[in-house]
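Okay, so here's the structure we're looking at.
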Amino acid sequence: MAATGVLAEILDGDVYKYYADGEWKKSTSGKSVAIINPTTRKPQYKVQACSQEEVNKVMDSAKAAQKSWAKTPLWKRAELLHKAAAILKEHKAAIAECLVKEIAKPAKDAVTEVVRSGDLVSYCAEEGVRILGEGKFLVSDSFPGNERTKYCLTSKIPLGVILAIPPFNYPVNLAVSKIAPALIAGNSIVLKPPTQGAVAALHMVYCFHLAGFPKGLISCVTGKGSEIGDFLTMHPGVNCISFTGGDTGIAISKKAGMIPLQMELGGKDACIVLEDADLDLVAANIIKGGFSYSGQRCTAVKVVLVIESVADTLVEKVKAKVAKLSVGPPEDDCDITPVVSESSANFIEGLVNDAKQKGATFCQEYKREGNLIWPLLLDNVRPDMRIAWEEPFGPVLPVIRINSVEEGIHHCNASNFGLQGCVFTKDINKAMMISDAMESGTVQINSAPARGPDHFPFQVKPTKSIQLVRLIDIMVDG
Ligand code: G3H
């Protein structure tokens, strides 16, 4: 997609245009926002700094487009989504290249993000046709005191204009996770991509543009949070906000008013390891779960809670695997790549220094060059250390030694976060009981936390899912 024809349409000089009313536009603000390449730490791209006036226009056209889209037959909505999915997958290489340069995602993972996003769009189209095509039929005489004199038909109706705000770590996948379900359900979308990841998101929106959705149904506004952030989230034209990110979600929920909010605000995903666990399996999953994309996943293993009697052996196994992780640029598909920004790297360093001062055992020497932080396992972490509770969003993993399962569950549940967790044991009864006791939206048994496959539930209360990934193997292994 990085071909000249496309760039001519979505670029103005060296600044990417924003998307509104079915057109690629230059902001009248005359200002742009620079996107810094995390690896080179130099400006890589520029996007438009949209004004509040432009946001107002986007909201007006999103509202108008939604009215007729809601009347568009479900099968037609699905057809367009399938088309967008196919175009997205065709353009995987160009979009992945943006992910490599904007957020330092390793090259192969960047391609995977685009492909799984296309698959998710198609899946939403298929499921949407079924789910939205059904309703309920009630009769009055099932309620005390009533004769069969009334019937009630229920069906699902769209909310209106959905404001979608995805995070930097999955600017394509977590954008389409909001866009596709909203569109199939008859809503319109205003997308505010993260600054790091905005260009990948604009390329993704270009695929939806090519698919031929009606004008104004999908918009993508870029700009400074200080100028349009609150303005968007408090805008009276917004009927629902779907946000993934950090503490900003708390501020949004206070300001948004009486509209539905869908929030995913981080995780301190705990990994509880019992004495009977297959420690090679645990070590492999800690590496995959804790260090892939340098720990910048909401589902990354963020604290290991291991029973003291097996802790030495587990730490040695993980240490040996950490030593084999490749560290370097995302273009080389290294396991560990620079974290997204200098401020992230500084934050991670702050957690490491705090742990050092308070006596954690460093399994490797702490090393940092620019935004690149070498993978680090911290053993003997105690609850008075910040890293026991805070989310580094980087390649630094704390190990807390516990004397009982109850202690592990207590630590997990004392956390402010409740996204995912995992438990490793060969005893399926214990695994189920511990999963049930962990106050996390999803608990994986004998596998690292992960969102995918993308059609699995990914939420906290009121739904909980326990994923029995390795159940068959446990039963076979005996
Ligand atoms: O960071 C949040 C992502 O949705 C996690 O997805 O588990 O596939 O990396 P993942």
Side-chain angles (χ1 to χ4, degrees), residues 38 92 96 99-100 102-121 123-124 164-181 191 193-194 196-197 200-201 204 242-249 262-271 284-303 330 333 335-337 339-341 344 348 390-395 397 417-422 440-460 463 465-467 469:
K92 63 184 180 202
L99 293 171
V100 168
E102 281 183 287
I103 59 166
K105 185 161 277 197
K108 275 190 196 151
D109 293 351
V111 173
T112 304
E113 175 171 348
V114 183
V115 173
R116 79 189 256 200
S117 300
D119 290 337
L120 181 59
V121 173
Y123 185 87
C124 290
I165 312 178
F168 82 82
N169 64 341
Y170 282 93
V172 175
N173 183 263
L174 284 171
V176 303
S177 305
K178 302 171 191 308
I179 295 171
L191 175 69
Q196 304 285 143
M204 175 271 293
S242 177
F243 173 85
T244 305
D247 289 349
T248 311
Q262 186 191 42
M263 300 262 163
E264 190 227 313
L265 309 180
K268 185 73 184 170
D269 314 61
C271 170
N285 275 277
I286 286 176
I287 292 294
K288 185 176 84 169
F291 295 101
S292 54
Y293 188 34
S294 308
Q296 296 173 111
R297 296 163 52 239
C298 51
T299 49
V301 170
K302 302 216 178 80
V303 59
D333 216 26
D335 298 312
I336 304 296
T337 55
V339 296
V340 72
S341 64
S344 293
I348 297 162
E390 293 181 44
E391 197 182 11
F393 234 63
L397 183 60
F417 301 105
L419 187 66
Q420 289 216 356
C422 58
S440 307
T442 299
V443 180
Q444 311 253 359
I445 295 175
N446 290 324
S447 184
R451 172 168 171 224
D454 285 349
H455 68 305
F456 275 18
F458 187 55
Q459 56 190 348
V460 288
T463 312
S465 84
I466 295 174
Q467 298 187 8
V469 187

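When a ligand or atom number is given, it counts from 1 through the structure's own listing order. Values below: every heavy atom of this structure, side chains too, minus hydrogens, waters and symmetry copies. Keep in mind it's a predicted model, so treat the numbers as computed, not measured.
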If we number the atoms of ligand 1 from 1 as shown, the ones under 4.0 Å from a heavy atom of Ala450 are 7 (O)
Glu113 side chain to Ala96 main-chain N or O, any donor-acceptor pair under 3.5 Å? no
*Does Lys105 count as lying over the ring of Phe168, i.e. NZ or CZ under 6.0 Å from the six-ring centre, within 45 degrees of the axis?*
no
For this session: Measure the shortest side-chain to side-chain distance between Asn169 and Tyr293 over non-hydrogen atoms and say whether it is less than 4.5 angstrom.
Result: yes
Self-check item: Any side-chain heavy-atom pair of Pro449 and Cys422 under 4.5 Å
Solution: yes
inquiry  = Test your reading of the structure: does Asn169 have an N or O sitting under 3.5 Å from an N or O of ligand 1?
reply    = yes
* Is there side-chain contact between Asn173 and Ser117, with heavy atoms separated by less than 4.5 Å? -> yes
shortest atom 4 (O) of ligand 1-to-protein heavy-atom contact is with Arg451 CD, 3.3 Å
Notebook entry, point to check: Do any heavy atoms of Arg116 fall under 4.0 Å from ligand 1?
Noted result: yes
The atoms of ligand 1 lying under 4.0 Å from a heavy atom of Arg297, numbered in the order shown, are 1 (O), 7 (O), 9 (O), 10 (P)
For atom 2 (C) of ligand 1, the closest protein heavy atom turns out to be Cys298 SG, 2.1 Å
Any heavy atom of Asn173 under 4.0 Å from ligand 1? The part involved is neither
| query | Is any side-chain heavy atom of Glu264 closer than 4.5 Å to a side-chain heavy atom of Phe458? | reply | yes
closest protein heavy atom to atom 7 (O) of ligand 1 is Thr299 OG1, 2.5 Å
Quiz item: Is there side-chain contact between Gln196 and Ser341, with heavy atoms separated by less than 4.5 Å?
Solution: no
Note: Tyr293, heavy atoms under 4.0 Å from ligand 1, region reported as neither
